[in-house]
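Note that the structure is a prediction, hence the values are computed from the model and not measured. First the proteins, then the strands, lettered A, B, ... as listed; each starts at 1.
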Amino acid sequence: MCGLRLHGSIVQGIATETPARYPCGPKSPGASMHSKPARVRVAPSPTGDPHVGTAYMSLFDRALADKTGGKFVLRIEDTDRTRYVADSEQKIFEALAWLGLSPDEGPGVGGEYGPYRQSERLPLYKEAADKLCAAGKAYKCFCTAERLATLRKIQQAEKASRFGYDGLCRGLSAEEAAAKEAAGEEYVVRLKMPREGEIETRDLFRGVLKFDAADQQDAVMLKSDGFPTYHLAMAVDDNAMKITHVIRAEEWLPSTPLHFVLYEALGYELPVFAHMPLLRNKDKSKISKRKNPTSLLWYRDAGFLPEALRNFLSLMGFSMPNDQEIFTYEEFLREFELEKVNTGAPIFDLQKLHWLNGEYMRALPPDELEKRLVEYAKLLMHREKEFADLPEDQLPTEQFLREFEVKRRVRSRTLGQLAPELMTSYETNPKLLAPIIPLIRERMHTLSEAADYLPMFFTNRFEYTPDDFVQKKGTLEDAKKSLAAMRAIVDAADFNDPEAAIRQLDEASRAKSEEMGMKLGSFLGPVRMAITGSKVSPPLMESMLVLGKEETLKRMDNAIKFLG
RNA sequence: GGCCCCUUCAUCUAAUGGUUAGGAUACGGCCCUUUCAAGGCCGCGAUACGGGUUCGAGUCCCGUAGGGGUCACCA
């Protein structure tokens with residue numbers, strides 16, 4: 001159950017002989033749609049940390065590709081040189097691999113439709129733009145950025161119903177345009193949108209969507225630096241890469257009329273457009289890093305398991321039969337149908353992910369969890385201050401998120417510091433963690449929470465105060481008595497037989513606390529503080545066994561001495 | 001503001017036009033208990049509103065309201 005392996009072979013055999021059908025409306029009878037292998041893509045731009053929305057799209061892309069025996073393509077949309085971030089591409093690969101959503105084709109992977117970076121495909125876009133101009137379907141626009149800015153300002157001031165480019169250069173004669181170009185004036189290429197009538201588009205979930213042509217504007221295809229805009233690049237590449245389904249976020253819906261016109265102008269066959277709902281902040285606005293962690297690296301650093309995050313993401317907009325909420329990718333795939341996705345806007349609820357992650361951790365075989373913990377410690381080791389923290393000045397205001405992040409920072413650093421020692425000890429004694437795992441795993445929801453329980457097994461230098469030993473309704477004297485009594489019990493126990501020892505410790509402490517007229521909890525409180533340095537800890541007797549008799553006695557003596 | 005999309009518990013969601021509107025998270029309570037958890041049981045809690053169509057509407061239609069997205073030489 002641990003593996004949750006991806007893109008398994010179970011998808012084979014699902015394909016049928018039914019010919020592919022163009023979807024004909026919302027919830028169209030669709031099973032047969034999957035008969036033809038789908039080619040899908042995710043197209044992030046390398047402008048920062050890999051985004052949770054990218055993972056969300058990738059999940060459904062991956063699923064459709066796997067379900068139909070198709071291919072999932074990663075394309076890097078690096079056409080904006082001003083926003084380019086050098087290492088972000090690498091991080092995207094890493095994040096997708098971490099989530100088990102690696103592409104079949106893409107930079108570094110290869111594939112027969114490469115290159116998969118748009119910056120390496122510039123001639124293609126130029127060619128397409130030239131073709132459009134030559135056919136009179138696009139034109140060169142020499143308007144300056146200043147003019148456009150002024151135009152926008154006026155439109156805003158006038159509260160115009162229509163914003164956007166006014167089409168000034170559309171009226172330029174060929175001679176005028178040639179003259180400007182010859183004079184060295186910079187220009188962009190704009191697509192000629194129809195001026196009247198309706199533009200009919202189609203969305204897999206929503207069916208036919210009509211837009212008034214008069215509301216459209218002549219969008220830029222090619223920028224003055226020779227790079228394409230998203231619109232042109234997308235059309236050219238999706239066509240060249242034989243993409244069959246464009247699964248993208250709903251924010252693209254308003255530009256679909258432009259895309260339909262563009263596809264027609266280029267003479268391309270239209271893919272299926274499926275606009276997925278936007279992931280939301282708690283206040284329903286589209287997910288943003290000011291209000292929510294959006295970096296996939298944050299989730300990794302916070303100790304979420306990739307399979308849990310993936311499961312959680314699949315819950316956003318999709319639901320399994322029989323109310324099943326926890327499922328493997330294979331199970332998901334078995335039930336997956338793209339047209340079953342909801343279009344309602346789901347709020348990304350970290351609290352539920354937190355719960356789900358806990359479920360996953362507990363479902364992992366102990367040795368697998370151990371492996372994950374060690375990997376996680378390695379990940380945080382030598383990190384110094386390079387944690388994927390949310391920016392200091394913009395902690396989310398939402399309570400659970402904020403509290404989690406505050407604690408997580410401390411935990412990440414605690415584990416990062418503990419990591420070298422942990423790794424060394426682990427290497428010399430590979431059996432070190434095995435007995436600890438069962439004690440801590442049902443207390444954790446994320447790997448980072450190991451920071452709350454693990455350190456006591458590696459250090460006995462605690463920063464407690466005498467007050468920490470005093471129990472509710474008890475005195476310091478009571479605490480000292482408990483410690484003395486328990487020390488004797490521990491001393492008398494035979495640690496060589498763990499099971500017997502625990503029984504012995506348990507029975508003796510019960511008897512003693514009763515004899516002393518104390519509740520067991522109060523009796524053990526000071527002991528817990530002495531042994532673990534905390535009021536909250538894994539089960540006490542089991543912890544003692546892990547520590548060994550000598551260490552246990554030493555800690556009790558330390559505390560007794562400390563209290564005087 | 002124009003255009004577009006969306007609307008079942010606080011949140012994620014289920015419900016061939018016929019259910020006491022189901023499940024999960026969160027929250028509250030009880031049980032278990034050695035602290036904290038985990039687990040078990042119970043509880044709280046929704047069809048945005050108004051009109052139609054229909055014997056019957058969460059489900060179909062129209063309107064209203066609310067929310068969101070978008071209107072860049074960013075994607």
If you check the A:Arg362 side chain, which of B:A38, B:G23, B:U34 turns out closest?
-> B:A38

So what does A:Arg441 hit on the nucleic acid, given a heavy-atom distance under 4.0 Å: a base, only sugar-phosphate, or nothing?
-> nothing

Separation between the C1' atoms of B:C30 and B:G69, rounded to whole Å | 46 Å

Do A:Asp215 and B:G2 share a donor-acceptor pair, side chain to base, under 3.5 Å?
-> no

Please state how far atom CD1 in A:Ile531 lies from atom P in B:U34, giving the value in whole angstrom units.
-> 18 Å

Assign A:Gly317 to base, sugar-phosphate, or nothing according to its heavy-atom contacts below 4.0 angstrom with the strands shown.
-> sugar-phosphate

Figure out the CE/C1' separation between A:Met234 and B:A75, and round it to whole Å.
-> 12 Å

Is A:His445 near enough to B:A38 that one of its side-chain N or O atoms lies under 4.0 angstrom from OP1 or OP2?
-> yes

Please work out which of the three classes, parallel, tilted or perpendicular, describes the rings of A:Phe318 and A:Phe332, given edges at 30° and 60°.
-> perpendicular

Starting from P on B:U35, measure out to CE on A:Met456 and report it in whole angstrom.
-> 16 Å

Can you tell me the pairing partner of B:C60 across any strand shown, Watson-Crick or G-U wobble, with both distances under 3.5 angstrom?
-> B:G52

Of all the choices, B:C74, B:C5, B:G68, which nucleotide is nearest to the side chain of A:Ser285 once you look at every atom?
-> B:G68

Would you indicate which nucleotide in B:C6, B:A72, B:G68 comes nearest to any side-chain atom of A:Gln217?
-> B:A72

Show your reasoning for whether side chain to side chain contact (heavy atoms under 4.5 Å, CB included) applies to A:Cys169 and A:Arg190.
-> CA-CA 9 Å; A:Cys169 296; A:Arg190 287 182 189 271; over 6 Å; no

Give a yes or no on whether a donor-acceptor pair under 3.5 Å exists between the nucleobase atoms of B:C73, that is its base, and the side chain of A:Ser224.
-> yes

In whole angstrom, give me the gap between the C1' atoms of B:C62 and B:G22.
-> 30 Å

Between B:C73, B:G23, B:A75, which nucleotide gets closest to the side-chain atoms of A:Asp323?
-> B:G23

Taking only N and O in the side chain of A:Lys284, is any of them less than 4.0 Å away from OP1 or OP2 of B:U11?
-> yes

What integer number of Å spans the P atoms of B:U25 and B:G43?
-> 15 Å

Could you work out the separation of B:G66 and B:U8 based on their C1' atoms and round it to a whole Å?
-> 15 Å

Does the B:A24 base have a donor-acceptor partner in the side chain of A:Lys352 within less than 3.5 Å?
-> yes

Which one, B:A72, B:C36, B:G68, comes nearest to the side chain of A:Arg443?
-> B:C36

Closest of B:A72, B:A75, B:U34 to the A:Thr229 side chain is B:A75

Using the ring of each side chain (for Trp, its six-membered ring), is A:His354 parallel, tilted or perpendicular to A:His445, with breaks at 30° and 60°?
-> parallel

CG of A:Leu505 versus P of B:U35: gap in Å, rounded?
-> 17 Å

Atom pair distance, as rounded to whole Å: NZ in A:Lys407 and C1' in B:A37 | 13 Å

May I ask which nucleotide in the shown strands pairs with B:A38, Watson-Crick or G-U wobble, both distances under 3.5 Å?
-> none

Contact class for A:Ser537 (heavy atom, under 4.0 Å): base, sugar-phosphate, or nothing?
-> base

Checking all strands, does A:Glu325 fall into the base, sugar-phosphate, or nothing category for heavy-atom contacts under 4.0 angstrom?
-> base

For A:Val220, answer base if it contacts any base atom (sugar-phosphate contacts may also be present), sugar-phosphate if it contacts only those atoms, and nothing otherwise; contact means non-hydrogen atoms under 4.0 Å.
-> sugar-phosphate

As its Watson-Crick or G-U partner within any shown strand, both distances under 3.5 Å, B:A24 has B:U11

Under 4.0 angstrom, heavy atoms only, what part of the nucleic acid is A:Leu524 near: base, sugar-phosphate, or nothing?
-> base

Given that both distances must come in under 3.5 Å, which nucleotide forms a Watson-Crick or G-U wobble pair with B:G1?
-> B:C71

If you look at every strand shown and take non-hydrogen atoms under 4.0 Å, does A:Ile347 touch a base, only sugar-phosphate, or nothing?
-> sugar-phosphate

Round to a whole Å and report the spacing from CG of A:Asp78 to P of B:C74.
-> 13 Å

A:Asp237 and A:Tyr125: side chain donor to acceptor below 3.5 Å | yes

Using both distances under 3.5 Å as the test, list the Watson-Crick or G-U wobble partner of B:U33, or none.
-> none

Report yes if at least one side-chain N or O of A:Asn342 is closer than 4.0 Å to OP1 or OP2 of B:A14; otherwise report no.
-> yes

N/O (side chain, A:Lys472) to phosphate O (OP1/OP2, B:U35) under 4.0 Å | no

Hey, could you give me the CZ/OG distance between A:Phe211 and A:Ser255, rounded to the nearest 0.5 Å?
-> 9.0 Å

Check the angle between the aromatic planes of A:His231 and A:His259 and answer parallel, tilted or perpendicular using the 30° and 60° thresholds.
-> tilted

Under 4.0 angstrom, heavy atoms only, what part of the nucleic acid is A:Pro539 near: base, sugar-phosphate, or nothing?
-> base

With rounding to whole Å, what would you report as the distance between B:A65 and B:G50 at their P atoms?
-> 15 Å

Considering only the C1' atoms, how many Å lie between B:A46 and B:U70, rounded to the nearest integer?
-> 30 Å

Which part of the nucleic acid does A:Phe211 contact within heavy-atom distance under 4.0 Å: base, sugar-phosphate only, or nothing?
-> sugar-phosphate

Which part of the nucleic acid, if any, lies within reach of A:Lys535 when heavy atoms closer than 4.0 Å are counted: base, sugar-phosphate only, or nothing?
-> base

Nearest-Å distance once atom C1' is located in both B:U16 and B:C9 = 25 Å

A:Glu542 near the nucleic acid: base, sugar-phosphate alone, or nothing, with a heavy-atom cut-off under 4.0 Å?
-> base

Exactly one of A:Tyr299, A:Phe400, A:Tyr56 clears ring pair (Phe, Tyr, Trp, His ring centres under 6.0 Å) with A:Phe348, and that residue is A:Tyr299

Using a cut-off of 4.0 Å on non-hydrogen atoms, how would the nucleic acid contact of A:Ser255 be classed: base, sugar-phosphate, or nothing?
-> nothing

Between A:Glu442 and A:Arg190, who's closer to the 5' end of RNA chain B by nearest nucleotide?
-> A:Glu442

Interatomic distance at P, B:U53 relative to B:G68, whole Å | 35 Å

Using a cut-off of less than 4.0 Å, is there contact between a side-chain N or O of A:Lys223 and OP1 or OP2 of B:C74?
-> yes

Name the nucleic acid region contacted by A:Pro257, choosing base, sugar-phosphate or nothing; use a 4.0 angstrom heavy-atom cut-off, strictly under.
-> nothing

Passes salt bridge (Lys or Arg N to Asp or Glu O under 4.0 Å), A:Asp203 versus A:Arg206? Steps please.
-> CA-CA 5 Å; A:Asp203 172 86; A:Arg206 301 167 182 83; 3.0 Å; yes

salt_bridge(A:Arg443, A:Asp452) N-O dist < 4.0 Å = no

Considering just the side-chain nitrogens and oxygens of A:Thr256, establish if one lies under 4.0 Å of OP1 or OP2 belonging to B:C4.
-> no

Under 3.5 Å donor-acceptor pair, A:Arg510 side-chain atoms to B:U34 base atoms | no

With RNA chain B as reference, determine whether A:Leu148 or A:Asp212 sits nearer its 5' end, using the nearest nucleotide of each.
-> A:Asp212

Say whether, by atom type as modelled, one donor and one acceptor occur between the side chain of A:Asp78 and the main chain of A:Ser119 under 3.5 angstrom.
-> yes

Sugar-phosphate only, base, or nothing, as touched by A:Leu209 at under 4.0 Å among non-hydrogen atoms | sugar-phosphate

